[in-house]
Structures are given as C-alpha cells and as structure tokens.
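Whatever order the structure lists ligands and atoms in, that order sets their numbers, starting from 1. Worth saying up front: this structure is predicted, and the values here are computed from it rather than measured. All values below were derived from every heavy atom in this structure, side-chain atoms included, with hydrogens, water molecules and symmetry-related copies excluded.
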Amino acid sequence: MQNYITHLETLCIHAGKEKNEHGALVTPLCQSSTFIFDNAEQGAARFAGEEKGYIYTRLGNPTTRELELKIAALEGMQDAAATATGMGAVAASTMAFLQQGDHLIASKAIYGCSFALFNHMFARYGIEVSFVDMTDHAAIAAARKANTKMLFVETPINPNLVVVDLSFIGQFCQQHGLISVVDNTFMTPLLQQPAKFGIDIIIHSATKYLNGHGDVVAGLIVSDSETVNTIKMTTLKDMGATISPHDAWLITRGLKTLSVRIERHCQNAQKVAEFLESHPAIDKVFYPGLASHSGHKFIGSQMKAAGGVIAFELKANLEDSRFFINQCKLFSLAVSLGDAESLIQHPASMTHSPYTAEEREMAGISDGLIRVSVGLEHADDLIADLEQALTKMKQQQ
Ligand SMILES: *Cc1c(COP(=O)(O)O)cnc(C)c1O
C-alpha cells in the first residue's frame with residue numbers, strides 16, 4: 001500500500017495505520033498502562049530488546065505508535081517519539097544530547113518556555129547558551145565555539161513571524177558537525193519539511209495544528225531511527241514526558257483533516273492580514289504571506305504557504321491595545337494556536353512573559369505586539385469582528 005502513497009494528504013490519513021484484530025476502520029484506542037507477557041522468558045526477552053513487543057506505556061504503546069509513524073512519514077524522516085507536551089519534546093530532544101560544558105546556539109526569539117528552559121534551567125546544569133538573531137548568518141557563525149553541540153530554531157518565529165533560512169541552517173550545522181533542531185509547530189509538515197534542508201531533529205507542539213481541535217496538549221520529536229531511539233531510551237524513558245494513549249488517538253484523528261484545515265487556515269489568514277494591512281489604525285502587520293514581509297521570499301521555496309498566525313501592532317498605546325483585545329467577540333482571548341476557533345493574545349504579557357522587558361526588546365517582541373491565530377470560521381466574519389473592535393478603540397482614543 002505504501003507504494004501508492006505519493007502525497008502528504010494521503011499520508012495524513014493512511015500512514016502508520018496497521019490492520020487491527022477486529023478490522024475496525026479506526027484503530028481502536030489501546031488505553032492500557034501495561035502489557036501481559038506470555039511467560040517469564042518473553043518478559044526477559046522484551047526487556048533485553050531481543051523480542052519486539054510492548055512492555056509498559058511509558059516505553060511505548062500501539063496507539064501512540066500509529067501517531068509516531070504517521071508524523072515520521074509526513075516529515076519524510078525515519079522515526080518519531082510522541083511526548084506529553086510540546087515542551088516535553090523540546091526538553092527531551094535537547095537534553096538527550098547536551099551535557100555540562102556543552103554550548104547551544106538558540107534563536108533569540110523563540111517560544112517563551114523554550115527560552116525559559118534554555119536561559120534558566122540549562123544554566124543550572126552547566127550548559128552554555130548563546131541567543132542569536134537567526135537571520136544574521138554572520139552572527140550565527142560568530143557565536144559558534146569549540147564546545148558548540150547544537151543549534152535550535154523556530155521558523156516562522158513565535159510570535160513575530162520572522163522567517164529563518166533553513167537551507168543555511170542545515171548546511172551550517174552539517175559543515176560544523178552540530179545537531180540542528182527545528183520547531184516546526186507553526187508550519188506543520190504540510191507547509192514545510194525541515195528534513196529537506198538537512199535538519200536533524202524536528203519537534204512539534206502537537207497541541208496546535210496537528211491536533212487542531214484545542215482539546216489536547218502533546219508534542220512530537222521526529223528524526224532518524226538512532227536519534228529517536230536515544231531520546232526514547234534516555235530523556236523519555238527516565239524523565240517520563242510520554243504521551244497518554246488517549247491524547248495520541250485524538251491527534252491521529254485530528255491529522256486526518258490536517259490538509260483541508262491548513263488550506264483554510266492559510267486562506268483565511270491571508271484575507272485577515274490583507275485587511276489589517278489596509279486599516280488606518282494598524283501600524284505594522286507581520287505575516288509572511290504579505291509582499292511587505294521580510295520572509296515573503298521563502299514562500300514557494302522553503303514553505304508552501306504562510307500559515308495561520310499573524311502578528312500586528314496598533315497605532316495605540318498598551319492600554320488602548322488591551323481595550324481593542326477586550327472588544328473582540330469571535331476571536332477568543334486565549335493563548336495557543338492552530339485551533340478551529342480564532343484566538344487573540346498579547347505575547348509580552350502572556351506567551352512571552354518568561355522574557356524580561358530587556359530580553360523581549362533584544363528579541364524584537366514589542367509591548368504593542370498582538371498575535372492572532374486565524375481559525376476556520378468565515379473570513380468575512382473574522383474581519384467584521386476585528387473591524388468593530390478597531391472602531392470602538394478609535395472612538396475611545
Ligand atoms: C505551544 C508551543 C510550544 C510548546 O508546546 P506545548 O504543547 O504548549 O508544551 C513550543 N513551540 C511552539 C512554537 C509553540 O507554539
């Protein structure tokens with residue numbers, strides 16, 4: 001069957017799926033913490049890795065396995081590990097390879113908790129981190145030291161949508177023997193496959209587009225078999241951020257509709273971004289789908305489309321920006337992204353509050369920045385909602 005599958009849309013539905021004993025169309029949920037051995041010899045053989053088969057859900061589970069094989073196929077890589085949260089994926093994939101005395105080069109603007117992990121936790125374990133502007137190739141080269149082991153980026157960057165050149169990152173890391181890690185949450189493999197650029201490890205917050213329905217927190221790590229096995233046998237097995245089989249089952253369900261959802265997210269976001277750019281109360285719009293955006297040139301080469309997240313700044317102070325957010329009715333005031341529902345949030349006081357004010361300034365996250373995740377509602381209704389909130393803000397200014 002695998003031979004007939006040549007498109008990602010088909011892989012979303014069929015990859016990783018195995019025939020089950022009842023012939024059920026949907027793979028039954030295997031909600032079991034442990035697995036019975038036929039005899040003591042079999043138990044010993046499974047623990048010794050001499051016989052394939054399940055032992056205990058922290059070490060692996062058939063429902064989780066379907067999800068892992070699906071995302072590996074979608075990213076065009078050999079294997080994957082599912083984790084309890086996106087942060088579980090960030091921590092397990094980095095800490096499996098970094099140790100005291102190692103140096104990490106990380107993007108200066110990244111997801112707030114990834115920043116907190118690298119900036120605060122890693123310091124406690126003697127891992128050095130340099131936060132670098134990943135669009136400045138000379139700065140990346142200058143940051144590399146004898147003990148540099150890994151490079152970690154996101155693209156487009158959360159929350160300011162700056163696009164990082166993955167072909168440069170992949171080549172730079174290969175040339176210098178660094179492990180490259182890309183957080184592909186904002187794009188999903190349908191819009192961007194970092195493996196094509198030689199990236200070693202791809203991580204996802206599956207909480208976002210991959211699940212897509214706002215009812216799960218989970219993560220995924222995708223890489224070659226050896227790397228995934230190392231992560232599974234160290235940071236995942238012994239630190240334990242493994243996924244619940246029920247959550248894995250829900251994400252597998254969500255993935256079946258990923259291609260149609262992503263298409264609509266992108267179409268809606270393009271319309272909303274164009275509306276925002278044309279509105280006199282808006283100062284700047286950050287969306288790679290706009291010709292005015294610095295990342296626009298990567299569309300078609302690195303990324304198929306611009307995704308569903310937009311950031312913008314109002315011609316207003318912080319107080320008026322908050323007033324605007326409070327007037328939105330269809331856009332729910334909530335962090336997260338990639339859900340059917342449109343969401344709006346204020347990075348400086350919410351998702352990126354692990355940064356201090358100076359760190360935010362260094363990372364290019366202004367106090368006036370607003371981030372929206374454009375959902376699957378009708379674009380005209382979303383635009384009408386933003387328009388009425390902008391009008392109310394102008395009236396009270
Ligand atoms: C949400 C998010 C994370 C963290 O994922 P959780 O599932 O919330 O732990 C990491 N990276 C990016 C880009 C995210 O948007």
Decide yes or no on side chain to side chain contact (heavy atoms under 4.5 Å, CB included) for M393 and Q327, but give the supporting numbers first. CA-CA 8 Å; M393 182 190 78; Q327 304 315 308; over 6 Å; no
Please walk me through it: do E154 and S107 pass side chain to side chain donor-acceptor pair (under 3.5 Å)? CA-CA 7 Å; E154 245 167 54; S107 171; over 6 Å; no
The test is side chain to side chain contact (heavy atoms under 4.5 Å, CB included); show your working for I140 and L151 and say whether it passes. CA-CA 9 Å; I140 299 173; L151 186 149; 3.9 Å; yes
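Ligand 1 has no atom lying under 4.0 Å from any heavy atom of G88.
In the model, Q388 has a side-chain atom that pairs as donor or acceptor with a side-chain atom of K392 under 3.5 Å. Looking only at atom types and distance, the side chain of Q396 has a donor-acceptor partner in the side chain of D320 under 3.5 Å away.
Residue, atom and distance of the protein heavy atom nearest to atom 15 (O) of ligand 1 are K208 NZ, 2.8 Å. With respect to atom 6 (P) of ligand 1, the closest heavy atom belonging to the protein is G86 N, 3.3 Å. Nearest protein heavy-atom neighbour of atom 5 (O) of ligand 1: S205 OG, 3.0 Å. Annotation: atom 4 (C) of ligand 1 to nearest protein heavy atom, Y111 CE2, 3.3 Å.
Using the six-membered ring where Trp is involved, F47 and F37 have ring planes that are perpendicular, over 60° apart on the 30 and 60° scheme. Between F118 and F152, the ring planes are perpendicular. Angles over 60° get that label, and only those under 30° would be called parallel.
Residue V90 places no N or O, backbone or side chain, under 3.5 Å from any N or O of ligand 1. On a distance-only criterion, T207 and ligand 1 share at least one N/O pair closer than 3.5 Å. Close N/O approach between V217 and ligand 1 is not found [any backbone or side-chain N/O within under 3.5 Å].
Residue contacts with ligand 1, taken as heavy atom pairs separated by less than 4.0 Å, involve T85 via backbone and side-chain atoms alike.
Numbered from 1 in the order shown, with element, the atoms of ligand 1 that lie under 4.0 Å from a heavy atom of M87 read 4 (C), 5 (O), 6 (P), 9 (O). Distances below 4.0 Å separate heavy atoms of D183 from the following atoms of ligand 1: 10 (C), 11 (N), 12 (C), 13 (C). Taking every heavy atom of A218 and a limit of under 4.0 angstrom, the matching atoms of ligand 1 come to 7 (O).
Of all non-hydrogen atoms in G16 and E66, the two that sit nearest each other are O-CG, 3.5 Å.
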